[in-house]
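Here is the structure we will look at, set down as structure tokens.
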Number of protein chains: 2
Amino acid sequence: MKPVTLQDIADQLGISVTTVSKALKDYPDVSAKTKALVKELATTLNYKPNAFAVNLRTKESKTVGLIIPVIVHHFFSNVIKGIIAEAEAKGYLVIILQSNERYDMEKKHLDLLMNQRVDGIMISLANDTVDFKHLNDVIAADKPMIMFDKIAKTVNCSKVIIDDRQAAYDATQHLIDIGCQRIAHFRGSLLPQNSIDRFLGYRKALRDNDIPYDASLVYICECDDLSFEEGQNNARQLLLDHNDVDGIFINTDLVAIGAISEFNKQGIKIPEQISIVGFSNWFMSSIISPSLTTIDQPGLEMGRSVFKQLYKEIQQLKRDEKVDYQQIVLPTQLIQRDSTLKVK
Amino acid sequence: MKPVTLQDIADQLGISVTTVSKALKDYPDVSAKTKALVKELATTLNYKPNAFAVNLRTKESKTVGLIIPVIVHHFFSNVIKGIIAEAEAKGYLVIILQSNERYDMEKKHLDLLMNQRVDGIMISLANDTVDFKHLNDVIAADKPMIMFDKIAKTVNCSKVIIDDRQAAYDATQHLIDIGCQRIAHFRGSLLPQNSIDRFLGYRKALRDNDIPYDASLVYICECDDLSFEEGQNNARQLLLDHNDVDGIFINTDLVAIGAISEFNKQGIKIPEQISIVGFSNWFMSSIISPSLTTIDQPGLEMGRSVFKQLYKEIQQLKRDEKVDYQQIVLPTQLIQRDSTLKVK
DNA sequence: TTTTTTACCGAAAACGTTTTCGAAAACACC
DNA sequence: GGTGTTTTCGAAAACGTTTTCGGTAAAAAA
């Protein structure tokens, strides 16, 4: 019924708690005989150290926190998987909270994790987070924190990201390479940094290739639960607005798939009339028809990398070393499929 | 730097820790004046109670554990979302672990959560779990535990499920209602209970309608990461094996979508030649062409329900009441779309 | 004034560990 | 048998909180 404690073992063996504790942790100053006795009784009684007491003493919880905008999302759920896998390997548990893309939730959850005294925090920002005080508070409290994917550039901590700008540049350049001249862009909402960066990459590619930038070719979608419909709508609107577009770089695969379905419905040939490049390499992209050329965004790898960096900083802090913040940029890759013409 | 404690506040105010503690918790035996003083200093010092110490004293962690076969999965990530939302509302944090459909991981993680002394556990079983000792151990330790979706019927605890058998029956009956006579079934792997139940529901519907059961019409797929391809392969094989099949009930939407893509490719008209019903109501089902008739499996609702039941049992345990185990069956619903003929 | 009540405060134990430090016991050596 | 060394053990403090219980002072009643 009641969980068994060191005291229980000590009583049964007629020795002190001290010796029991040391026996279980293989201290050199306890005899082999008593060690064996203690360990045996501990397993038969199924002794489990009380985590609270251990934490209180040692001041570490072997627990880390994760704050993420959405869970039901291909990329983020892969990140979660990567983090949990790596954390488990190091004996850490992960507490997950979801901000639902809302700043006030994000702040509240950060507070919860600090109260819980997790050993470190991993966070990807909500779309509407513009004030970073809550993040700087964490850093001021000397709590290791890693930001990933959706980051705040001005906050001074380690970050794991992809080079959104370069990836978008590559995507756009690919469209140009296969001969596209009027290239539209379906971008994400205005605030988040990666949506901005992808737009900038798109524009830079145009400029580097002496293709004039035309703001009327840029369409915005919020990329929430209705991404697919947004893709359809934007595609429909695009056809009404312009008749000379021959390529589109789209912020997210799901939006791209919506666009493709609309073009299919309207009899627009892909890639002959319009070539399309998506972003994220969602597994459906290889499955739909035509399959979608896209940028591979390595969620699992990012998760692993995030926890590894956090772990490194936790260790550094424990050893009173200077923690050195890293900016880790994971490579992305253009995956060419049937939604873009083959390079000549 | 160092987190502020009750002692710090007491020292600065020249009073005792006892009074500080009581003031913060609004005990009646501390004057309004000191209460105000304490609370003010607490907020200016940004005092946060040390969770370890509180837990050690009160013996509850305000933390619950979740063990789930896979995270990157539409249904399960919705369950997670539901659980976290409900837990947060009650002030609980959720530790998530992933068994990767493996029994040994499941067992290890259960152990981790017990060591961590979470207040309760929610679990959906791995496919290859056939021994239930680890689960009974949890119950024997009087730790509240809820099983959901993939459950062990013989383990004595609360469960939240859908009626897989009835849902499968409804799906098959729908095919019969629209005139199908040779109905195939793509089932999941042999072990998990819900895969079995869906098969049984399929068979019962046939029997109740005097349609002979033909084992050669049942195809198995493991429903892992390659579900889509399995759907394609099964569809291809089915066309080779039989030329008279006019309806298929498929264990999972993703497999069904694979099958549809294969039928599309081979020029089989859906629903005119073959009607198809899927399972789970993945959001892509409404998006593909033809859209997929399916059974709605309410993941978010299940998550909420799971935590609510867990919370109830935690409260009952705390009040030394008898915890009464519930078997909660959530309703499913057939969603008719374009992959099945309209009812005449 | 004395007694009783009320209001307010604090000492101390407890939760279960970890770790320091000193002491006892056992052994070795001369 | 004395001295020094090694081995083995345990007392005690500490981590930060909660809660019981008793005590003092002021207010109310006598």
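Each chain gets a letter, A, B and so on, in the order its sequence line appears, and its residues count up from 1.
At a threshold of 4.5 Å between non-hydrogen side-chain atoms, the residues A:Ser158 and A:Glu313 count as touching. By the 4.5 Å heavy-atom criterion applied to side chains, A:Asp149 and A:Ile161 are not counted as neighbours. Side-chain contact between B:Lys312 and B:Phe307 is absent, with no heavy atoms from C-beta onward closer than 4.5 Å.
Heavy atoms of B:Ser31 sit under 4.0 angstrom from primed sugar atoms or phosphate atoms, though from no base atom. Using a 4.0 Å heavy-atom cutoff across all strands shown, A:Phe52 reaches no nucleic acid atom at all. A:Asp29 comes within contact range of at least one nucleobase, with a heavy-atom separation under 4.0 Å.
Side-chain N/O atoms of B:Arg57 and base N/O atoms of D:dT18 include a donor-acceptor pair closer than 3.5 Å. Counting distance only, with no hydrogens placed and no angle test, the side-chain atoms of A:Lys22 and the base atoms of D:dG10 include a donor-acceptor pair under 3.5 Å.
Nearest to the side-chain atoms of A:Lys59 among the listed nucleotides D:dT19, C:dT18, D:dC15 stands D:dC15.
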Pair B:Lys39-B:Asp26, salt bridge (charged side-chain N to carboxylate O under 4.0 Å, His left out): steps then yes or no
CA-CA 10 Å; B:Lys39 287 182 180 175; B:Asp26 270 327; 3.0 Å; yes
How far apart are the C-alpha atoms of A:Val54 and A:Phe52, what are their side-chain angles, what is the distance that settles it, and do they pass the side chain to side chain contact (heavy atoms under 4.5 Å, CB included) test?
CA-CA 5 Å; A:Val54 176; A:Phe52 306 150; over 6 Å; no
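Defined by atom type and a distance below 3.5 Å, a donor-acceptor pair is missing between the side-chain atoms of B:Ser61 and B:Asn55.
Contacts of residues 4-20 of chain A with DNA chain C (heavy atom under 4.0 Å): A:Thr5, A:Leu6, A:Thr18.
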